[in-house]
Amino acid sequence: MDALPIGELAAPLAAAWGAASRLLLTAPTGSGKSTQIPQFLLDAGLAPAGQIVVLQPRRLAARMLARRVARERGVALGSAVGYQVRDEHVAGPHTRICYVTEGVLLRRLLSDPDLRDVAAILFDEFHERHLPGDLMLGLARALQARRPELKLLVMSATLDVSGVADYLAPAPLLQPAGRCHPVAIQYLERAAAGGRAPIWETAARALPALLAGVPEGDLLVFMPGAYEIQRTIEAFRGVGAARGFEVLPLHGRLSAADQDRAVSPGARRRIIVATNIAETSITIAGVRGVLDSGLAREAGFDPRRGIETLLVAPISRAAAEQRSGRAGRTAPGVALRLWTAREHEQRPAYTRPEIQRVDLAEPLLALKALGFARSTDFPWFEPPPPAALEQAEALLRDLAATDAAGRITSLGRQLLRFPLHPRYARLLLAAAETGCLPEATRIAALTQTRPLLPPARDPAVREARGALTDEPVPGDYALTLRGWAAATAQRYAPAFCQAIGLQAEAAREADRLAARFQVIARSAGLALDTPPATAAQIGRALLAAFPDRVARRCDQGSLRCELVHGRRGELARSSAVHHAPLLLVGEITELDDRHGGVRTLLSQATALETEWLAEARPDALRDEKEYRYDPRQKRVLLHLRRCFLDLVLRDQIRQDVTAAEAAPVLAQALASGALESAQWPEAITPWLARLESLAAWCPDWRLPTFDASARQTVLGAFCVGAVGARDLKDRKLLPCFRVWLGAAAVTVLEREAPTHFTLPSGRRRPIVYCPPQPPRLAATIQDLDGLQTTPRIAGRRMPLTIEILAPNQRPVQTTTDLDSFWRTAYPALRPALSRRYPKHRWP
DNA sequence: GAGCACTGC
């Protein structure tokens, strides 16, 4: 690694530092800026009082840099030079240079909004654009209004500097001469076999040419995930030119020992097949050639459906640059990209920053605590998508963390005491109410680490793990808690951990986290000395945090589930609760399937009893006086009832009343507290009796009139082009089909989704849709229009399922092949359907 | 082949 030419930079940096409060510096990763710039600022007296804080995206980097700078200056670590990461604080009152991870500074800001002891903030590796770094930059800029002497220096490698320069203006740009070795870039001459061949086959075909151009040193191959890495290694076995090479995998799920093996030099030349972990986190010495698949798994969040995504996508040009650079760290190198030069130009210039693609509830709550009641008040470097902000606002409202005007409540401030997503913080407060706080702190902790019990392929491990379920287990969290407790009892004996496949490292980290949550809980006055919790206590607490994650198994033969808000997915095969008809799922993730489409995986499931939904009482959700009579609390209750109605009534309603028609009516009538059961068909009266007891909780609500515009019509036939929406309305057709696209049921509303209903007194009450409601149907229909066989939403092919519905809305038949359905299956079925269900007008 | 890239308080 070459030293930064600090001498050439010293004069301009010193001059700019005096004149400007914000500066921008671009230099490649590993140029020495992270260690040299802070020392220069200190030695030149440019930060005479206060700390120079250097923000790092990773804990390991913060630790290593502090260690190195302390050594260079001959001081003890934690004295003049220190660091702070989540688990460690190695710094003191005399610390002048402090390396901290981005989240740590955000936390510090929450307890000390002026950061009085900080003289300068250096944003290192800012081009990585992690969410906390982005947020911190905006906060620091805003803070300069109160503390004009605070200096900001943004350091980045491949960032499009003009955007930051504009944001920080006036900010001088410093650009020292680069010192990297040249890397020759090669592209494929023709697109790989029409893009049809698996990426590992393309890689194996290209390997000999690359090896011929790299006579010495190791080779680094980038693949999107562990599965592709495995297939690549197998494919390389058949390549003659690779004989004599040691071929090793490298990804985050490997044990520390296996990762070390891939990083440390061996006797033979090596080919290391890695994920993105080798792009930024792990540096491998001696790499002279890079083979780049051009693919990466990219995390995202769809605010409309409230679903996380993890999909394989082409990397940006900047990321490809970063990957190629891995070949030129010690000597000139070669990089072969498995795409054409022409395709390269069509790739996005930069990876979408995190703030554009993740759930914003947690940062938004922090902003509100810091005085930015509305997200538009905040000086975003790049504002997040409005839909994501709306979703986050709605979630915070539903958790009672904010009031109707979007201001933080005292409950919201309580949530913020925990370094957790507001949902999990909410889980802890609810757990204190239901009496399962110790268990809940452990559940929250294990969601924040690597999986403690990752899915096992080894039959011996599976069998040993089976012993954990000798007694029935109410959920996947509960199963992990059981394995974790057993391992704790054995003091994490390696033999035991290995036998059940428990990741001791992750468990120890979770131990520390749970302990920390308990310290915070105790200081907040929450009761921790409770007897071992029952499944009901834990289930009810989980419901308060995840009211929109209730799911029901569609049938016993498959793992398909329906979720509230017209979503659905597939329960993870590895889940421990295959027996339960009603579930609460902790995670919903959309993943690639093997056909170029997607599937929605439901994991971390917990079995639910209908009674917990039906009998969830206001006091189970009570936190403090100000919420007891707050309408917002009723919203949560109303939502729970809707879950109940959606899922339970659908089985019970028959004959002429369809669930889609009845549910909103019932929900509103129910909320009114004055339901007259005589008005309803006999089949549903047993359920109404239970519902009436729910309604009794909110006696001040009155029966609303049912607004016909709220009636829903299933899109089905419209989508496949058989019947137009107008036909459905004019001819008063019952819905015959329901169409599922990915996780979302596509339905159409006759008008816009209603926002209010009217009480007999004439007063209007808002209808609150928990995220991600109501669906934006107009947009959905446009996306679908004209797409007969391979509907795409946002460029991604969505699995299409069509259900033929009986008048009671239960599916008669299901198909996934639209073409053959429409050509053969449906025409063959139609006569029978017409006889069986004459009420339908079958197209 | 069926969980799933990388981080972080």
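Chain identifiers are assigned alphabetically (A, B, ...) following the order of the sequence lines, protein sequences preceding nucleic acid strands; residue numbering begins at 1 within each chain. Values reported hereafter were calculated over all heavy atoms of this structure, with side chains retained and with hydrogens, waters and symmetry mates removed.
When heavy atoms are screened at a 4.0 angstrom cut-off, Arg450(A) is found touching the sugar-phosphate backbone but no base atom. Using a 4.0 Å heavy-atom criterion, one finds that Leu601(A) contacts the bases of the nucleic acid, with or without backbone contacts as well. Within 4.0 Å of Arg58(A), counting heavy atoms only, lie sugar-phosphate atoms of the nucleic acid but no base atom. Base contact: Pro455(A) has a heavy atom under 4.0 Å from a base atom. No engagement by Glu128(A) is indicated, since no non-hydrogen atom pair under 4.0 Å with the nucleic acid exists. Backbone-only engagement by Arg516(A) is indicated by non-hydrogen atom pairs under 4.0 Å involving sugar-phosphate atoms exclusively.
Among the nucleotides dC9(B), dT7(B), dA5(B), the one closest to the side chain of Thr101(A) is dC9(B). Considering only the side chain of Arg297(A), dA5(B) comes nearest among dC9(B), dG3(B), dA5(B). Relative to the side chain of Gln604(A), the nucleotides dC9(B), dG3(B), dT7(B) differ in distance, and dG3(B) lies closest. Closest to the side chain of Arg599(A), out of dA2(B), dT7(B), dG3(B), is dA2(B). Residue Glu362(A) places its side chain closer to dG8(B) than to any other of dG3(B), dG8(B), dC4(B). When distances are taken from the side chain of Ala299(A) to each of dA5(B), dG3(B), dC9(B), the shortest belongs to dA5(B). Taking the side chain of Ser603(A) as heavy atoms from C-beta on, and the options dC6(B), dG3(B), dC9(B), the nearest nucleotide is dG3(B). Picking from dG3(B), dC9(B), dA5(B) the nucleotide with the shortest atom distance to the side chain of Val85(A) gives dC9(B).
Per the stacking criterion (ring centres < 5.5 Å, plane angle < 30°), Tyr227(A) stacks onto the base of dG1(B).
Distance, Ile277(A) CD1 to dC4(B) C1': 13 Å, rounded to whole Å. We find that CD1 of Ile229(A) is positioned 10 Å from C1' of dA5(B), with the value rounded to whole Å. Atoms CD (Glu125(A)) and P (dC6(B)) sit 18 Å apart, rounded to a whole Å. Across the protein-nucleic acid pair, Leu364(A) atom CG and dC9(B) atom C1' stand 17 Å apart, rounded to whole Å. Atom CG in Asn276(A) sits about 10 Å away from atom P in dT7(B), given to the nearest Å. For the pair Leu571(A) CG and dC4(B) P, the computed distance is 14 Å after rounding to whole Å. What separates CD of Gln230(A) from P of dG3(B) is a distance of 16 Å, to the nearest Å. The interatomic distance linking Gln84(A) (CD) with dG8(B) (C1') rounds to 13 Å, in whole Å.
When the options Val221(A), Leu220(A), Thr232(A), Val273(A) are evaluated for a side-chain contact (heavy atoms from CB on, under 4.5 Å) with Leu291(A), the one that passes is Val221(A). A side-chain contact (heavy atoms from CB on, under 4.5 Å) with Leu338(A) is found for one member of Ile199(A), Leu295(A), Asp292(A) and no other, namely Ile199(A). The residue from Arg63(A), Arg508(A), Arg512(A) that alone fulfils the salt bridge (charged side-chain N to carboxylate O under 4.0 Å, His left out) condition with Asp87(A) is Arg512(A).
Remark: Arg86(A) is in phosphate contact with dC9(B), judged by side-chain N or O atoms under 4.0 Å from OP1 or OP2. Residue Arg253(A) places none of its side-chain N or O atoms closer than 4.0 Å to OP1 or OP2 of dG3(B). Phosphate proximity of dC6(B) to Thr280(A): absent, as no side-chain N or O sits under 4.0 Å from OP1 or OP2. At least one side-chain nitrogen or oxygen of Thr275(A) sits closer than 4.0 Å to the OP1 or OP2 atom of dC6(B).
Remark: Asp124(A) CG to Leu65(A) CG distance equals 7.0 Å, nearest 0.5 Å. Here the OG atom belonging to Ser293(A) is positioned 7.0 Å from the CD1 atom belonging to Ile315(A), to the nearest 0.5 angstrom.
Residue-to-nucleotide contacts include no donor-acceptor pair under 3.5 Å from the side chain of Glu102(A) to the base of dC9(B). Checked by distance alone, Glu298(A) brings no side-chain donor or acceptor within 3.5 Å of a matching partner on the base of dC6(B).
Around CD of Gln498(A), the count of heavy atoms belonging to other residues, nucleotides or ligands within 6.0 Å does not exceed 12.
As rounded to the nearest Å, dG3(B) and dT7(B) have P atoms that lie 22 Å from one another. Across the P atoms, dC4(B) and dG8(B) are found 22 Å apart, a figure rounded to whole Å.
The distance between the ring centers of Phe378(A) and Phe372(A) falls below 6.0 angstrom.
Taking the nucleotide of DNA chain B with the nearest heavy atom to each of Gly225(A) and Leu420(A), the more 5' of the two is matched to Gly225(A).
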